[in-house]
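One structure below.
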Amino acid sequence: MQKLQSDGYHYSSVQSVRGVLRPAFNMALKDEMIISNPFSFELADALINDTVKREALSRENERKFLAFVRDDEHFSKYYDAIYVLFKTGMRISEFCGLTISDIDFNEKVINIDHQLQRERNGKYVIVDTKTEAGERKLPFNKIDDELELHLRNLVNDRQKPKAEPMVDGKVGFLVLDKNQNPTVAMHWEKYFEHIREKYNKIYRVQMPLVTPHVCRHTFATNMAKRGIAPKTLQYLMGHSDINVTLNVYTHIDFEGAKENLDSVKSEMDKAKKSKRRKVVSI
């Protein structure tokens with residue numbers, strides 16, 4: 001375990017490995033094939049927990065961050081992509097893998113059925129979504145009124161490379177780097193880091209951590225506050241386990257609960273008014 005962390009694997013990755021090995025060795029212990037389970041120790045006692053807690057941004061901080069990116073002379077070129085990340089909750093590798101053909105403007109959906117990754121040797125590869133549930137269609141016109149505009153901007157303002165990069169048969173990647181290769185997760189982690197650094201040099205009230213994954217968590221939290229059904233949110237997020245989705249709802253604070261109840265009450269009031277009008281017309 002310590003060797004894995006020294007080789008560059010994060011605490012959460014090592015924890016996942018231990019999560020597979022520990023029950024396997026428990027079975028061997030029960031069958032008396034071994035005398036003890038070498039993975040029965042507490043991971044926190046053996047390794048440094050380098051996990052960075054990623055919190056959803058408040059609506060105010062999301063608005064401020066997006067406005068800063070939009071108005072910044074250098075970072076504004078990333079605005080459409082970052083807006084899409086905040087408003088769709090896509091995994092960053094899913095976004096990087098998007099091609100022009102994955103966006104259906106007629107049906108108003110984003111088709112997600114793969115991810116783009118770059119291996120340690122520099123090779124770009126197309127891989128399956130994180131889980132089978134990761135394959136999904138996002139109805140962007142139902143999620144956010146401005147999403148279509150920003151998706152069209154990404155398509156229309158896309159660089160015209162000298163040679164179209166192809167990865168495992170896929171072409172037309174939405175965002176390319178300065179070398180005219182598709183961007184990958186590492187690029188976006190750096191973009192967000194530099195944006196936040198510049199923001200915090202200008203403003204006294206500091207912007208909390210913002211990463212592509214924070215965008216995803218922010219989207220999920222905002223959807224939960226709007227009162228969206230857990231199973232619907234599970235589908236939009238591509239979660240295979242409903243418990244992962246339900247954790248979003250458990251993180252809603254008092255203000256979030258008020259927003260949710262206000263939204264529900266508003267819909268109930270609309271329904272009552274509509275019913276009264278029908279009765280009167282009869």
Side-chain angles (χ1 to χ4, degrees), residues 10-12 48-96 98 140 143-154 156-159 174-178 183-228 233 236-237 247-260 262-263:
H10 292 295
Y11 183 91
S12 57
I48 298 172
N49 189 344
D50 58 1
T51 303
V52 177
K53 190 175 182 181
R54 299 179 178 91
E55 298 287 354
L57 290 187
S58 66
R59 290 186 185 275
E60 181 65 12
N61 277 337
E62 179 186 357
R63 183 191 65 77
K64 287 180 178 179
F65 188 84
L66 283 171
F68 180 78
V69 175
R70 181 194 63 208
D71 298 336
D72 186 84
E73 183 178 356
H74 176 69
F75 295 122
S76 57
K77 60 187 175 184
Y78 304 127
Y79 178 64
D80 292 305
I82 291 175
Y83 188 96
V84 170
L85 287 172
F86 267 114
K87 303 302 180 180
T88 62
M90 276 187 283
R91 296 179 177 92
I92 187 58
S93 53
E94 294 171 344
F95 173 78
C96 292
L98 281 185
F140 55 78
I143 295 174
D144 182 87
D145 292 338
E146 296 183 33
L147 259 176
E148 181 170 356
L149 169 65
H150 296 288
L151 288 167
R152 287 191 180 277
N153 287 345
L154 284 173
N156 295 333
D157 299 340
R158 179 180 177 271
Q159 295 180 46
L174 283 188
V175 186
L176 305 178
D177 65 15
K178 62 183 179 180
T183 56
V184 292
M186 182 188 68
H187 288 105
W188 292 99
E189 293 284 350
K190 287 297 182 183
Y191 298 157
F192 275 83
E193 181 182 337
H194 294 154
I195 292 167
R196 178 173 174 257
E197 284 177 355
K198 185 172 183 179
Y199 182 100
N200 286 342
K201 284 180 180 178
I202 297 173
Y203 296 103
R204 183 187 304 174
V205 179
Q206 300 288 280
M207 180 65 61
L209 181 69
V210 189
T211 67
H213 192 76
V214 167
C215 292
R216 179 169 163 81
H217 194 45
T218 300
F219 168 79
T221 302
N222 288 341
M223 289 291 104
K225 286 180 178 178
R226 282 167 54 176
I228 191 170
L233 183 56
L236 294 177
M237 297 296 290
N247 282 338
V248 176
Y249 291 83
T250 63
H251 292 158
I252 294 178
D253 56 14
F254 175 66
E255 291 302 319
K258 284 206 307 182
E259 283 183 39
N260 200 328
D262 286 342
S263 176

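The residues of the chain are indexed from 1 along the displayed sequence.
- In this structure, Ile202 CD1 and Arg204 CZ are separated by 14.5 Å, a value rounded to the nearest 0.5 Å.
- Checked against salt bridge (charged side-chain N to carboxylate O under 4.0 Å, His left out), Lys190 has the following partners two or more places apart in sequence or in another chain: Glu193.
- Panel note: side chain Arg216, backbone Leu85; no donor-acceptor pair is recorded below 3.5 Å.
- The minimum heavy-atom distance linking Ala185 with Cys96 is given by the pair N-SG, 3.9 Å.
- Under a cut-off of 6.0 angstrom, the local environment of CG in Asp71 is crowded, with over 12 non-hydrogen atoms contributed by other residues, nucleotides or ligands.
- For Arg70, the side-chain hydrogen bond (donor to acceptor under 3.5 Å, both in side chains) test picks out no residue, with sequence neighbours left out.
- Residues Val69 and Tyr199 are not in side-chain contact: their nearest non-hydrogen atoms beyond the backbone lie 4.5 Å or more apart.
- Sorted by first and then second residue, the pairs that involve residues 73-83 and meet side-chain hydrogen bond (donor to acceptor under 3.5 Å, both in side chains), not counting sequence neighbours, are Asp80-His150, Asp80-Asn153, Tyr83-Asp144.
- In this structure, the side-chain hydrogen bond (donor to acceptor under 3.5 Å, both in side chains) partners of Lys198, at least two apart in sequence or on a different chain, are Asp72.
- Across all their heavy atoms, Asn222 and Glu62 have their closest contact at ND2-OE1, 3.0 Å.
- Here the side chains of Val214 and Phe65 are not in contact, with every heavy-atom distance at 4.5 Å or above.
- Residues Thr211 and Glu189 form a side-chain contact, since some pair of their non-hydrogen atoms from C-beta on lies under 4.5 Å apart.
- A salt bridge between Glu197 and Lys201 is absent, with no side-chain N of the basic residue lying under 4.0 Å from a carboxylate O of the acidic one.
- Between Val210 and Ile195 the shortest side-chain heavy-atom distance does not fall below 4.5 Å.
- Nearest approach of Thr218 to Leu57, heavy atoms of both residues: OG1-N, 3.0 Å.
- Looking at every heavy atom in both residues, Ala81 comes nearest to Leu154 through N-CD2, 3.9 Å.
- Contact check for Met90 versus Leu98: side-chain heavy atoms found under the 4.5 Å cut-off.
- A distance of 9.0 Å separates CD1 in Ile82 from CZ in Phe95, rounded to the nearest 0.5 Å.
- Of the inter-residue distances, the one linking Asn61 atom CG with Met207 atom CE reads 4.5 Å to the nearest 0.5 angstrom.
- The shortest distance between side-chain heavy atoms of Lys64 and Tyr203 does not fall below 4.5 Å.
- Residues passing the salt bridge (charged side-chain N to carboxylate O under 4.0 Å, His left out) test with Arg91, sequence neighbours excluded: Glu94.
- Residues Ile228 and Leu236 are in side-chain contact: their nearest non-hydrogen atoms beyond the backbone lie under 4.5 Å apart.
- Looking at heavy atoms from C-beta onward, Cys215 lies in side-chain contact with Phe192 at the 4.5 angstrom threshold.
- Without hydrogens or angle criteria, Asn200 side chain to Gln206 main chain gives no donor-acceptor distance under 3.5 Å.
- Residues Leu233 and Ala220 come closest through the heavy atom pair CD2-O, 3.7 Å.
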Go through the steps to decide whether Arg158 and Leu176 satisfy the test side-chain contact (heavy atoms from CB on, under 4.5 Å), and finish with yes or no.
-> CA-CA 8 Å; Arg158 179 180 177 271; Leu176 305 178; 4.3 Å; yes
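- With sequence neighbours left out, the side-chain hydrogen bond (donor to acceptor under 3.5 Å, both in side chains) criterion links Tyr191 to no other residue.
- Heavy-atom minimum distance, Lys87 versus Phe219: O-CE1, 3.2 Å.
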